[in-house]
Amino acid sequence: MTVPAPPPTPPGRSGRTVAARVAVIGGGPGGLYAAALLKRLRPEREVSVWERGEPRTTFGFGVVFSDETLGGIEHADPVVYRELSAEFVRWDTIDVVRGGRVLTSGGHGFAALGRQRLLEILQRRCRSLGVRLHPRTPAPPAAALARDHDLVIAADGVHSTTRAAHADVFAPHITAHRCRYIWLAADFALDAFRFETAETEHGVLQLHGYPYTRPRPRTGVAPGDGGAGGGPAAGASTIIVEAREEVWRAAGLDRCDEADSARACAGLFADALGGRPLRGNASRWTAFRTVTNERWSHGPIVLLGDAAHTAHFSIGSGTKLAIEDALALAACLEERPTVAQALAAYEAERRPVVASTQRAARASLGWFEDLAHYLRQPPRQFAFNLLTRSRRVTHENLRLRDAGFVTAVEREAGLPPRTPPMFAPLTLRGLTLRNRVVVSPMDMYSADAGTPGDFHVAHLGARALGGAGLVMTEMVCVSPTGRITPGCPGLYAAEHEAAWRRITGFAHAASPGVAVGVQLGHSGRKGSTRLMWEGIDEPLPSGNWPLVAASPLPYRPGVSQVPRELDAAGLAEIREQFVSAALSAARAGFDLLELHCAHGYLLSGFLSPLTNRRTDGYGGDLAGRLRYPLEVFDAVRAVWPADAPMTVRVSATDWAAGGTTADDAVAIAAAFAAHGADAIDVSTGQVVSHEEPEVGRSYQTPFADRIRNELGVPVIAVGAISSWDDVNSLLLAGRADLCALARPHLYDPHWTLHAAAEQGYDGPGAPWPAPYRAGSRKPPAGRADEPRPRLTLHTAAPGAPGGRPR
């Protein structure tokens, strides 16, 4: 698309105005604020806003802002900030109602106002600056506007016609979720953010409520005055009611109009509302849709706010994100010499921020979708779980906000005083772990013909000395052809057993109380590859061994070897190899055995429909695909010591269409638990090479959370858990029983002991080895942290007592 040169304009700081003519599609808060900022920064700009609705029309009721967003508004436009500040309702507490108890957590900091008042303030600001507003006027198509405007901002919402018209360029992806919700309002001001559940014969519904206008004098105010924005004399609150789709339908809410829905919701939450009614504003039940786009701009056309991205209301406001988009876009247009460069900079700046917000939002909305799983939790743990659901608020962060609340949660959980959750013991069968930290299995590729050597003594010995409750080996292979690489260790020869006995013996002697676990596995179709640093998943240049798998499907088509499909004799042979390795592991002194059924290795290959295409009794439906892994588990469990625990590592999702789903993972976990697994180690992915994982902080933990709270089975959570604060948060919220960390233990073998020192903990959950006790306190820093010498004199003014003449 060719964009005409802008007309001559008075020079700005750069000698000219970038985007001299701007068109904004959509008169919502994001579009109006962008228009006001662009006009304020460059008064010579021509800025026009088209809005097809009435000026006072808006859906929903209150809008919530964070202090960070308000700081940006204050800096960018003090006039708007002052007007908003005069309207804000501020509060800092969250009330969670469970079991007839109101549990309050403070220190959170919220500011809200009515959506209609926000629009009025922004419209007034636009007019005062000379922005041309076109209410009740559908905008021309973005492509048409681009012919005579330098910049076209599409702020036309979640149902953006601009995005739809250029879907081939923006490449939108829209995901509908499993809950239905409705925005309503109550004509009184709540005094905190309130969350409450209604448990009905049809299932659970939940209420999210917060104030958005203060009570004010009644003189001259008609009942119900204020509509969506102003609120009545008693103030007003936003009330969102939400339920799983199947609960919503079973309760008959799918057949309710706005008035019936308001009455039904008011009845469900009569206690929270004090018997008051609810009202709507073109309110209807809808399913939340997460919007993402591969690109945000197309020539001079750029998406802003909900047109570009959405984030679930439970972690904040879409309006907040749109306002932040407008701030960033305006700044980039000031800083860059061309529109194209500014739009590229805008997207580069905002995309990671939005992606982080959307990850938190997905975690939050997933928590609410699975809310029923948490109803059995004690009230305070439930409240803590709710507050930390998005992983943005953590155990330590919440302690800073409200130490008394966190202490009460810990007391209810049975933790001794001043004991972080990560240092509570856990018993699995006859094994009691001294704390909840696991050194996750990590392939080292450093064995010699399957025999672990001095490297493994140093590597695993250091982690045992480092304080973790359980130290896991890497995957130990049950046969030479079951190795991933020539450097992978095994347990299929006498020398292997002796070498492992040396390692467990050192760990137990040097760090009394540590448990050492072995992970047994077979590489399947992912074997016969180079060492990781020589080319991950690349076949060996020579000396390859034949591969076997559930089905003859290569891991990397055209690159990897095609495996042979296992027949009955092959299945029996490998099952006996697992049994032999388990007997050897018991003799070698291991405390726990984990069966590796994840990451696309042999047993995992049977579980996934993407890698198991068998037509016999070991394929087909999930029961068939589970058959061989369960046979191996049963055979190993039969020879593994009765009082020693066994765990199973699974991939809870393949991150690929048609593969294992979270629902499948629950069924797989239930099957292993029924056969005697003491805990499920919940990982994800690495099953197929075309996976598309949604990577982020603690990104795999929701799968463990669901298995634990749906089945009541102990779980090990893993996946980008990097801080002791994350560990404490997951454990205290009841989302995991153990937390496995890999890379943090490569960075710091003494990660657990250092976590104890940083938290001021010196109890039995983190004993320092006797030779290391002198280092159990963090060393003092350099002189930068010491008191600075006084180099100046501060005296009273001349003539004052104690003053000195100038």
Side-chain angles (χ1 to χ4, degrees), residues 1-26 30-50 72-73 75-77 126 129-132 139-156 160-163 165-172 292-309 321-355:
M1 181 181 299
T2 301
V3 181
T9 56
R13 287 192 301 273
S14 62
R16 68 187 186 85
T17 298
V18 176
R21 301 194 71 209
V22 178
V24 180
I25 303 173
L32 289 170
Y33 191 57
L37 285 178
L38 292 174
K39 187 67 172 175
R40 177 174 181 267
L41 289 168
R42 301 283 177 163
E44 67 273 16
R45 275 194 180 107
E46 295 181 20
V47 182
S48 301
V49 179
W50 280 265
I73 294 173
H75 178 75
D77 192 338
C126 282
L129 292 167
V131 174
R132 297 173 182 172
L145 289 170
R147 286 194 285 270
D148 54 7
H149 289 82
D150 305 311
L151 176 66
V152 179
I153 300 173
D156 47 351
S160 171
T161 56
T162 305
R163 184 183 65 226
H166 301 283
D168 57 326
V169 177
F170 296 126
T292 61
N293 287 273
E294 291 187 16
R295 294 187 59 187
W296 291 2
S297 64
H298 172 37
I301 304 169
V302 63
L303 302 178
L304 184 145
D306 283 354
H309 47 70
L321 284 178
I323 292 291
E324 292 171 354
D325 282 354
L327 284 165
L329 178 59
C332 290
L333 286 163
E334 287 295 291
E335 295 162 358
R336 307 291 171 163
T338 68
V339 169
Q341 290 175 328
L343 297 187
Y346 158 71
E347 184 168 345
E349 176 181 332
R350 288 295 294 162
R351 187 176 283 279
V353 176
V354 169

Which atoms form the tightest heavy-atom contact between [X] and [Y], and what is the distance?
X: Gly30; Y: Ala326; value: O-CB, 4.0 Å
X: Ala35; Y: Val131; value: O-CG2, 3.8 Å
X: Arg336; Y: Ala345; value: NE-CB, 3.5 Å
X: Pro172; Y: Arg163; value: CB-CD, 3.7 Å
X: Pro300; Y: Ala146; value: CG-CB, 3.8 Å
X: Arg40; Y: Ala76; value: NH1-O, 2.5 Å

Check your understanding: Taking only residues two or more places apart in sequence, or in another chain, which ones meet Asp156 in a side chain to side chain contact (heavy atoms under 4.5 Å, CB included)?
Key -> Ile25, Ala154, Ser160, Thr161, Thr162, Ala307
At what distance, to the nearest 0.5 angstrom, does [atom1] of [X] lie from [atom2] of [Y]?
X: Leu38; Y: Tyr33; atom1: CG; atom2: OH; answer: 10.5 Å
X: Leu37; Y: Ile73; atom1: CG; atom2: CD1; answer: 9.0 Å
X: Ile323; Y: Leu304; atom1: CD1; atom2: CG; answer: 9.0 Å

Side chains of [X] and [Y]: does their closest heavy-atom pair fall under 4.5 Å?
X: Glu334; Y: Arg42; result: yes
X: Val339; Y: Val18; result: yes
X: Leu333; Y: Arg45; result: yes
X: Leu329; Y: Leu343; result: yes
X: Val169; Y: Ile301; result: no

Review point. When the ring planes of Trp296 and His309 are compared, do they come out parallel, tilted or perpendicular, using 30° and 60° as the limits?
Key: tilted
Main-chain N/O of [Y] paired to [X] side chain as donor or acceptor, under 3.5 Å:
X: Arg132; Y: Glu46; result: no
X: Arg350; Y: Ala328; result: no
X: Arg21; Y: Asp148; result: yes
X: Arg295; Y: Ser297; result: yes

Point to revise | Candidate list Asn293, Asp325, Ile153, test side chain to side chain contact (heavy atoms under 4.5 Å, CB included), partner Leu303, passing option | key: Asn293
Point to revise | For Arg351, side-chain hydrogen bond (donor to acceptor under 3.5 Å, both in side chains) partners two or more places apart | key: Glu347
